[in-house]
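Report on the following structure.
Basis for what follows: all heavy atoms, side chains included, without hydrogens, waters or symmetry-related copies.
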Amino acid sequence: MFVYTLLIVLAIIAAVISSSDVIADQNKKIALVSCMGFAALLAACRDMIGGYDVYMYSRYFEGVLSLSAIGNGEIQNIYDYEPLYLFFNMIIKTFTDDKYVLFFVLAILSYGLLYRNVRRHEYAGLVLILMLAKFTLPSYAYLRQFLSLCILWAGLVLLEQEKPYRYLLVVLIASLFHYTAAIAAIAVFFRKKAMPIGIVIAIFTGSFILGQIGGTKILGALIGETTGSEKLTMYSLIEEESTHLLHLIECATVGIFLCIQYKRVSALTPPLYLNLLILYIATTLFTLKDPGMQRIHWFFFIGYAVSVSHFIKLVIRKEKFIIVSLILLYSTALFYKELTVRDGGSYVPYKAFFIEGEHSNKWPELD
């Protein structure tokens, strides 16, 4: 637990420094790099913690042929994942059979791309702690999807520079690592100006209603049948659960505040990221009863992180402490909730691959 606590402490320090008006930019950068670097190393060096998916990725890597083997005429017969992820595995396999090298390279690449986006924002430390609270543990487990997300987030600068076709190329590349990245193409239509408040309220209301009447199942079945995705088809057949209360509270709190202060928030927040926040709330409301589909809102979370960090502009300096404290409290609570609940708490204690001893494992039969 100590290393996780150290990570969140570094993130809190970076967030507090970032929100200060008197600390030098160089010191803010040092705090940001230190925290991001530590998070990347934790992800890069962790042992087989991350749930069932980690074992599947490990077995997949073991079965993949190297580029040199392909060159010698051997036939690659593993195509379970997207083509660029397969090719990435083949490249690593050409140099080593060690799965930990694959995990290390994927983590450093992913967090490096995440840093390229986070560093550009005015309150980068606040953005960082929100992103780490949400994605630290998923980055250990969902290797393909996290890499594709980081590619997309790094590519958002192209939309800010009015280069939509280049951005769509980035979406295509990310989709060849994980097909869910295709949803990010929608950002092209929301890059220039904030949506009218009436449209925002209609989107929130419609998303919630459609989610409550089983819209995710219909959508999952339709897309699964159209694309031939067995996983999406499987998700569409899983019985719905009760409404995810924490997500509902999160969306209701931020959504109501956003609607009340919409004119001021839209004047202070880049329209691209404000619209991504709106889409994050909408997709979360849509998937409240369907955990199998909830990951479709992950791409939009960058809009949540950036927009919420701008909320401190809405208050005078003496009140800024309250907004920053709420962001830190939310991030810390989310981080520790994920740590104790996700995969039955098997992320605790943290174990690096080079440290002797047994790691916590919910799947001993796969070791």
Sorted by chain and number, sequence neighbours left out, side-chain contact (heavy atoms from CB on, under 4.5 Å) with Ser34 holds for Ile30
Salt bridge (Lys or Arg N to Asp or Glu O under 4.0 Å) pairs touching residues 24-46, sequence neighbours excluded, are none
Could you give all pairs that pass the side chain to side chain donor-acceptor pair (under 3.5 Å) test and reach residues 96-108, with sequence neighbours left out? Asp47-Tyr100
By ring-ring contact (aromatic ring centres under 6.0 Å, His included), which residues pair with Phe146, not counting sequence neighbours? Tyr111
Return each pair, listed once, that meets salt bridge (Lys or Arg N to Asp or Glu O under 4.0 Å) where at least one residue sits in residues 161-176; pairs must be two or more places apart or across chains. Glu162-Arg191
Sequence neighbours left out, what passes side-chain contact (heavy atoms from CB on, under 4.5 Å) with Ala194? Give chain and number order. Tyr262, Ser266, Leu274, Asn275
Can you find a side-chain donor-acceptor pair between Ser148 and Tyr179 that sits under 3.5 Å? no
According to salt bridge (Lys or Arg N to Asp or Glu O under 4.0 Å), does anything in residues 145-160 pair up with another residue at least two apart or in another chain? List the pairs. Arg120-Glu160
Taking side-chain contact (heavy atoms from CB on, under 4.5 Å) as the test, write out the residues that go with Ser207, two or more places apart. Ile203, Ala282, Leu285, Phe286
Mind checking what makes ring-ring contact (aromatic ring centres under 6.0 Å, His included) contact with Phe311, not counting sequence neighbours? Phe257
Identify all side-chain donor-acceptor contacts of residues 102-110 below 3.5 Å with residues at least two apart in sequence or on another chain.
unit_1, atom_1, unit_2, atom_2, d
Ser110, OG, Leu106, O, 2.8

Which residues pass the side-chain contact (heavy atoms from CB on, under 4.5 Å) test with Ala184, not counting sequence neighbours? Leu152, Tyr167, Val171, Phe299
Residue pairs meeting ring-ring contact (aromatic ring centres under 6.0 Å, His included), one or both in residues 4-49, sequence neighbours left out, come to Tyr4-Tyr350
